[in-house]
Every structure is written in C-alpha cells, then in structure tokens.
Amino acid sequence: MTVGLSSRSRPVPFGIHSLHMHICAPRSPTLRPNALPYPPHPEAYPGSLLVTDNVRVRFAPSPTGHLHIGGARTAIYNWAFARHHGGSFVLRIDDTDKERSTDENTQAILRAMRWLGLDWDEGPEVGGDRGPYYQTQRSENYAVALETLKANGHAYPCFCTAEQLEAQRETARTVGGFSGYDRTCRHIQSAEAQERIAAGEPHVWRVKVPDDRGDITIEDAIRGTVTWPIDAMDDFILARTDGTPTYMFATVVDDWQMGITHIIRGDDHLSNTPRQITVYEALEAPVPIFAHMSLIFGPDGKRLSKRHGATSVEAYRDEGILSEALLNYLALLGWSIDDKTTLFDRETLIREFDLSRVSKNPGIWDPEKLEWMNGVYIRDMAVDEFVDRMVPMLVNAGLAAPEIAEHSRDWLRALVPLLAERVRRMIPDEIVPKVRFLFVEFPEMDPASVDKVLAKEGAGTALDEAARLLEALADFSAGPIEEALRQVPEATGVKAKLAFQAVRVAVTGTMVSPPLFESLELLGKVGALARIEKARPLAAE
RNA sequence: GGCCCGUUCGUCUAGCGGCCUAGGACACCGCCCUCUCAAGGCGGAGGCACGGGUUCGAACCCCGUACGGGCUACCA
C-alpha cells in the first residue's frame, strides 16, 4: 500500500493561497510502512528500518546559542547518514524563538558546521527548492496547514485560560495519572465556537487526538519498537493565541513539506514523537522514519551543559582541537564501526555509518579521550600545516617575526617532528613554552633545574668536555652531535645521565625539553656553545 | 504522580543463546625503549545493576526491582 500524496488527494487544496512554492508536497513519497495513512493498524509499522529510495534528512538547530557538542553530534549523524545513502542533508534554522535567536548565532552555527566539514545540500546560503530554510520565513505554511486541520476536523479552538489550565494541571497531578489537557473545549459546539471566535475571544487551536485511534507505535531505527497508549495523548496546542505555531506543529509541517524521510534527533524528542505523529496523520502526511539517539551527559550523569565546561564546538576549536579529531570523537561517542576501530577519517565514517550501530545509552563526555585523539591527529598532521599554525603563536608571543614562515621554513619544518609528539592541543600554551629556548639569545634558567642538575658534582666538568667536543665538530647535526656527547661520560667519569642533563639545562634552561641532539642542531654551533659558556659559572665542578 | 527510554571495566564501546575463563580504546599501574618529557612496545588491575523466570545452556530472551534520563509549557 502506498501513500497517495499527490496534491489532488489532499483534503484541502493547498494551492488556494498561492503558496505553491513553499508547500509543495514531497515529490516521490516512497516511504516504507511507517508512512501509512491514518488510521493505521497497530501492526502497520513493521520493517520501517528499510531505507527509502531517496533519503532526505535535516538538522534544525535553534540559533539561540552556538553549535554545541550535542547538536554537532546530531548533525554529524544526519550528515553521515545522508552521505552514506547518497541522499540530501538539509539545514534548517529553527528561529521561531524570536527573543533569543540572533543572526550572530546563526552565523556561528554555519561557521562551526563548515569547520567540521558538514556540508549541507539545502539550507542557508546554498538554497534549495524546498525553502525557505528559516522557520520565521515559513509562517504562511503553518497557517495553511492549520486551515487544513480546521477544515478536516482535526483541530479545535480552546478558550481555556492559562489560569484554568494551571489549576487543572495542579489537581490532575495531585490525583495522579493523566496530567494533560482535560479536553473541555473539545465538546463545544462548532456554532458556539464560531461565535466566540467572531466575538474576539482569545483562543488557541488544539489537535484533536482521535478517539478511535489505537495505541501509537513506531519502529525507531535506533531503539526498535516503541509504543504509547493512546489515552495518554494530550490534545496539545498547535497554534498559540497570537496565531503562531508551536514547535511541535511547525516542525511537523516543515519536515513534511521538506520531504524529510528520516528524522534523526536526540532522544529528548522521543516522547514528542507520538504527538507529532498525530499531526502527520491529521495532515494525511507520510510519517517519516524516526531514529532517536541518546544525549551526551556530563561526568555527573546529567545532560551536558555549560556547567560542565566548554560545550560549544568553536570553543573546542579555539582550544586547539582539530576538526578531524572532534568529528572522529563525536562520531564514536554513541556509534561504532566494529569491536576495535577507534580512529577513522571522514570517508570511512560515511562508508561505514549505519543507524543500527548507534547505541541506545547515553554517552558521557570525556575530554581526556578527546585530547588523546587530538594528539593522534596532531602527530598525523602535515608538517607545513603544523608550521602554518605554529608561526602565528610564535609571532604573538613576541618570539619571531611573521617572515620567519618563509625565510626559515626548513628550519621550522625540522622543528615539527620534535614538537608534534609532545603536543595534545594546538594552542600557544602547549607549544610556545616548549620552543621558547630556540628563539631567545639565552634561555631563562629554571632555578630548580639548576639546583637539581648543574649544582651536582661533575656537571661543570661535563660541560667543559661537551663544549670542547662540540667545538671540534665540522658537521653540527644531530648524528655527529650525539656521537660527540656520548664520549663525555667516558672522558670525564661523569655519569651519562648527569652529563646529558647538564648540557640540556645549560642549553634549554630546564630539565625537560625536546630531544637534546636535535635541539642543539637547531640552535647551531655558535648558539649552543655560547649557552654552555654562559651557564658554566652556575655549574659545580 | 503519569507515560516513555536506558543500564557490559572509572569512561566510550564489542557482544545480537553455546565462539565469552566477556574483546578493543581512553584513563590508571608496572616493565621495556631511552639524553629529559613525550611517543611507541609489552604486561597488569578493572565490568555483564539486582532478583526471578524461559532454556540442555543467558551479558544476550521474558517479568519484576533499583538506579539514571526524557517528556508531561500558549520553550524549542
């Protein structure tokens, strides 16, 4: 059985308001069983995990803030699903909250999406033939859809005041059991309703949950069969007193008119699903396939929020996390390829992504693992990219002029391997302190290091011998340097550890540094010897 | 309160009735490598929430309980 959703089968023609462009129905509604028209049979939803011929998914962020980690993961799953199936990834801006939505936020979200490499096929800035892609520009569609429901008897006006409703809820809750709207206004005769509306009495419009509908069941692509008893369904509000649609209504109208086939979203929407299904059915729209992914929690088991630290994608970017690492980490938080793969690139994600491997339980945000993964990607980064990201940090720290990127490119490139495996985030704090000694005439001497190393007996002797041997080197590169310094312990009787550490402290100022021999090479013979000489007075004999 | 979802090492997960004396990764501990720090190699500790069923056999199926989460707005 297929769903006839050509415009002629719709109960109320949409074309009456010359809104055709905005409300064209899905062109080829080849949805599988989940898309049966109302009224469905309880058994009418099997096998909905099947993928439709033409996958269309959407990510619909609300520009009331930046793109956060949880939203990004939802976007990634939608994007990967679309790419995997060769479908379309639609970006829609749910900006109906006019108070809190801002254009800056929208821009920030688009920027973060691009940074993560999540390109959209339809949406802001790229357009598409199911637009507009901002909810605030789609209000006529909701109005028309509401007219449809008024006409086919699936919506009714409600004149109850907020106070009445509050009181109702109060008593319902103390009694226990159902706490939704008591349907008082559902029984008002339509003639009376018309009069009251005509008289200007404030009212909202509610959906009329059918009495004869069985329990609502979906085959969630992630959670499997989920059923809600019909008598727990609320006649929720479709349109507010001011005529604007509620989220629950607007989102269904949009998803329907945009031909969305699979709704992949956070499971905070799972409980909203049956409500939305009543709208799809009232609209005689095909019901898409749902996939509810679990949320990301903080370490305390609560939904991730600002309290847990940085939650915005761009904050992680600014803290030196690479987009490849964040994408990989986020994709893996709640999804897996197999029993061992943890590192994968974008192409692999697309090739392997499958909703059936999305886990049902919530994942806890683990910054430690993200950092580890970021380190892996840093080590894997192209040398020139590393250089290009490092130079501005050096410039900002006052250690180098921008021109260094050109005239000392090879020298900088040589520095990268020494640094990359010691860096977990691409930020100045991680990089500048480790290389500072290379960019100053003489390093600042760390008192603790001087005390623990140079003050030891034999340090001075080792330094003298090291200086002598290095002085004699014709080829001042890491190999010969190592050969030379290896002779120091034998020649002086100073223990190898101390000898090397003495040189390290003399040259870098501290006990911890990048590899010694390579560092000396980067410093050059003159600079290295000058440092040893300058530090010599600090050393014990 | 009602409805819904979830529960495998500290964390992310593999497992979809016998391949499991439960595998991998992060973190942790130890050893190795080693000029420090890293990186890397090797090894270790650590888990099926609990209780009943079903079955020859259960981490896997069913039912309870506990705990966590979501929804229950003229928010999204």
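Every chain is numbered from 1 and lettered A, B, ... according to where its sequence line falls, protein lines coming before strand lines.
Candidate nucleotides B/rC37, B/rC5, B/rG70 were compared by shortest atom distance to the side chain of A/Val512, and B/rC37 ranks first. Distance from the side chain of A/Arg504 is smallest for B/rU36 among the nucleotides B/rA76, B/rC26, B/rU36. The side chain of A/Ala232 approaches B/rC3 more closely than any other nucleotide in the set B/rG70, B/rU11, B/rC3. Nearest to the side-chain atoms of A/Arg303 among the listed nucleotides B/rA76, B/rU13, B/rC71 stands B/rC71. Considering only the side chain of A/Asp267, B/rC5 comes nearest among B/rC5, B/rC12, B/rU34. Between B/rU11, B/rG6, B/rC4, one nucleotide has an atom nearer to the side chain of A/Lys360 than all others, and that is B/rG6. Nearest nucleotide to the side chain of A/Lys369, out of B/rC5, B/rA39, B/rC12: B/rC12.
Ring centroids of A/Tyr329 and A/Trp365 are separated by less than 6.0 Å, placing the two rings close together. Remark: aromatic rings of A/His269 and A/Tyr247 are close, center separation under 6.0 Å.
Judged by distance alone, with hydrogens and angles left aside, A/Thr246 brings no side-chain donor or acceptor close enough to the base of B/rC74 to form a pair under 3.5 Å. Checked by distance alone, A/Lys340 brings no side-chain donor or acceptor within 3.5 Å of a matching partner on the base of B/rA25. Not a single donor-acceptor pair, N or O on each side, falls under 3.5 Å between the base of B/rG24 and the side chain of A/Thr342.
The distance between atom CG of A/Asn374 and atom C1' of B/rA25, rounded to the nearest whole Å, is 16 Å.
Rounded to whole Å, the C1' atom of B/rC67 lies 27 Å from the corresponding atom of B/rA25. B/rG30 sits 15 Å from B/rA39 when the P atoms are compared, rounded to a whole Å. Taking the P atom of each, B/rC26 and B/rC63 are spaced 38 Å apart, rounded to whole Å. Between the C1' atoms of B/rG41 and B/rG64, the separation comes to 49 Å (whole Å). Here the separation of B/rG52 from B/rC9, taken at their C1' atoms, is 26 Å to the nearest Å.
Between A/Thr241 and B/rC74 there is no side-chain polar atom (N or O) within less than 4.0 angstrom of OP1 or OP2. Contact between the side-chain N/O atoms of A/Arg73 and the OP1/OP2 oxygens of B/rC12 is not found at any separation under 4.0 Å.
The ring of A/His269 lies on top of the base of B/rA76, close enough and flat enough: under 5.5 Å between centres, under 30° between planes.
Nearest-nucleotide mapping onto RNA chain B: of A/Asp97 and A/Val376, the residue sitting toward the 5' end is A/Val376.
Between A/Glu421 and A/Arg379 there is no salt bridge, since no side-chain nitrogen of the basic residue lies less than 4.0 Å from a carboxylate oxygen of the acidic one. With respect to A/Asp211 and A/Arg186, a salt bridge is recorded, a charged nitrogen being found less than 4.0 Å from a carboxylate O.
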